[in-house]
Protein chains: 2
Amino acid sequence: MAPKVMTPALLDQLAERFKALGEPARLQLLSALRQREQTVSQLVQSTGLGQANVSKHLQLLCSAGFIARRRAGIFAFYTLADDGVFALCDLMCGRIERSHREQRAALKLAR
Amino acid sequence: MAPKVMTPALLDQLAERFKALGEPARLQLLSALRQREQTVSQLVQSTGLGQANVSKHLQLLCSAGFIARRRAGIFAFYTLADDGVFALCDLMCGRIERSHREQRAALKLAR
DNA sequence: TTGCCACATTACTATTTAGTTATATGTCAA
DNA sequence: TTGACATATAACTAAATAGTAATGTGGCAA
């Protein structure tokens, strides 16, 4: 995977998915769904975001393949499509931590 | 890493970095840099993007910590900060491939 | 049916951002 | 110095997008 030379189409798909994760509100939704499957109202409640806003973000995450929708009567339950998303977040968090460490080290040296 | 409950600050930093990867032009630049360290002009040449545009994208990738800058006389050489970025791309590409497989499988079933 | 509820969608505003053109900065050579 | 070159920055336009308020849609209960 991630062949050395990537076609424009692959670049677009990659970018589309990274962009889907490039929004705090959506990461918050994913993080909330990590606990358990939830309805839209529950997510509105637990995130403090507006209903229409949550609905839109969920559509986007859905079409990017990160979450799935299940209809039950009046409710729409959203759930993680798989928890591979968090492997991505783990990697990225690792980068963040490392850069923080390096910043601190640089400050020490400069002192 | 990627603690179960993420602070707003961490969510913002995560999102910022994912957003940096959420642009085909920037992925293209990273992909080009995978081969070797390159100057801005070389990247302009190899990507077909405008000079000012490339420069801006490079700044952004730099401040997101994905690449580093080295000054040599008249030139600015950009290089990957580390190739951990491609681990992220690998994971994401894996997701893309899987979703393609699932789409194909769904089509077969529906036929 | 009627009304209510959960969610989706539309229409809109404000903000962000990709891309471009023009210009500024900085380095080297003559 | 002057001029040429590489890169950065500023100013701007056009497009994308987050957020919101209002409305639409569909299922359930009475």
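Here is how names work: the chains are called A, B, and so on, in the same order as the sequence lines, proteins then strands, and each is numbered from 1.
The backbone N or O of A:Gly73 lies less than 3.5 Å from a partner atom in the side chain of A:Arg71, making a donor-acceptor pair.
Taking side-chain N and O atoms only, A:Tyr78 has a distance below 4.0 Å to OP1 or OP2 of C:dA8. An OP1 or OP2 oxygen of D:dA8 is reached within less than 4.0 angstrom by a side-chain nitrogen or oxygen of B:Arg69. Note on B:Ser55: a side-chain N or O is less than 4.0 Å away from OP1 or OP2 of D:dA8.
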Every protein N/O lying under 3.5 Å from an N/O of nucleotides 10-20 of chain D:
from	atom 1	to	atom 2	distance (Å)
D:dA18	OP1	A:Arg26	NH1	3.4
D:dA18	OP1	A:Arg26	NH2	3.1
D:dG19	OP2	A:Asn53	OD1	3.4
D:dG19	OP2	A:Asn53	ND2	3.1
D:dG19	OP2	A:His57	NE2	2.7
D:dG19	O5'	A:Asn53	ND2	3.3
D:dG19	N7	A:Lys56	NZ	3.1
D:dG19	O6	A:Lys56	NZ	3.1

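Between the CG atom of B:Leu43 and the C1' atom of C:dG19 there is a distance of 17 Å, rounded to whole Å. Following rounding to the nearest Å, B:Phe18 (CZ) and C:dT17 (C1') show an atom-to-atom distance of 20 Å. In this structure, the CZ atom of A:Arg70 is 14 Å from the P atom of C:dA8, given to the nearest Å. When rounded to the nearest whole Å, the span between CD of B:Gln59 and C1' of C:dG19 equals 16 Å. Rounded to an integer number of Å, the gap from B:Arg71 CZ to D:dA6 P is 12 Å. The interatomic distance linking A:Phe75 (CZ) with C:dA6 (P) rounds to 6 Å, in whole Å.
Residue contacts shown for B:Phe77 are absent, as no nucleic acid heavy atom lies under 4.0 Å away. At the heavy-atom level, A:Gln51 lies under 4.0 Å from base atoms of the strands shown.
Closest to the B:Ile74 side chain, of the nucleotides D:dA8, D:dC5, C:dA8, is D:dC5. Side-chain proximity of A:Thr39 to the nucleotides C:dG26, C:dA6, C:dC7 is greatest for C:dC7.
Taking CD1 of A:Ile96 as the reference point, atom CG of B:Leu14 lies at 4.5 Å (rounded to 0.5 Å). Atom-to-atom distance recorded for A:Gln13:CD and A:Thr7:OG1 is 7.5 Å, nearest 0.5 angstrom. In this structure, the separation between CE on A:Met6 and SG on B:Cys89 is 5.0 Å, given to the nearest 0.5 Å.
When each of A:Gln38, A:Gln28, A:Gln42 is tested with A:Leu33 by the rule side chain to side chain contact (heavy atoms under 4.5 Å, CB included), just one qualifies, namely A:Gln38.
Scanning all heavy atoms of the two residues, the minimum distance from B:Val44 to B:Leu49 falls at CG1-O, 3.3 Å.
Between A:Leu21 and B:Leu21 there is no side-chain heavy-atom pair separated by less than 4.5 Å.
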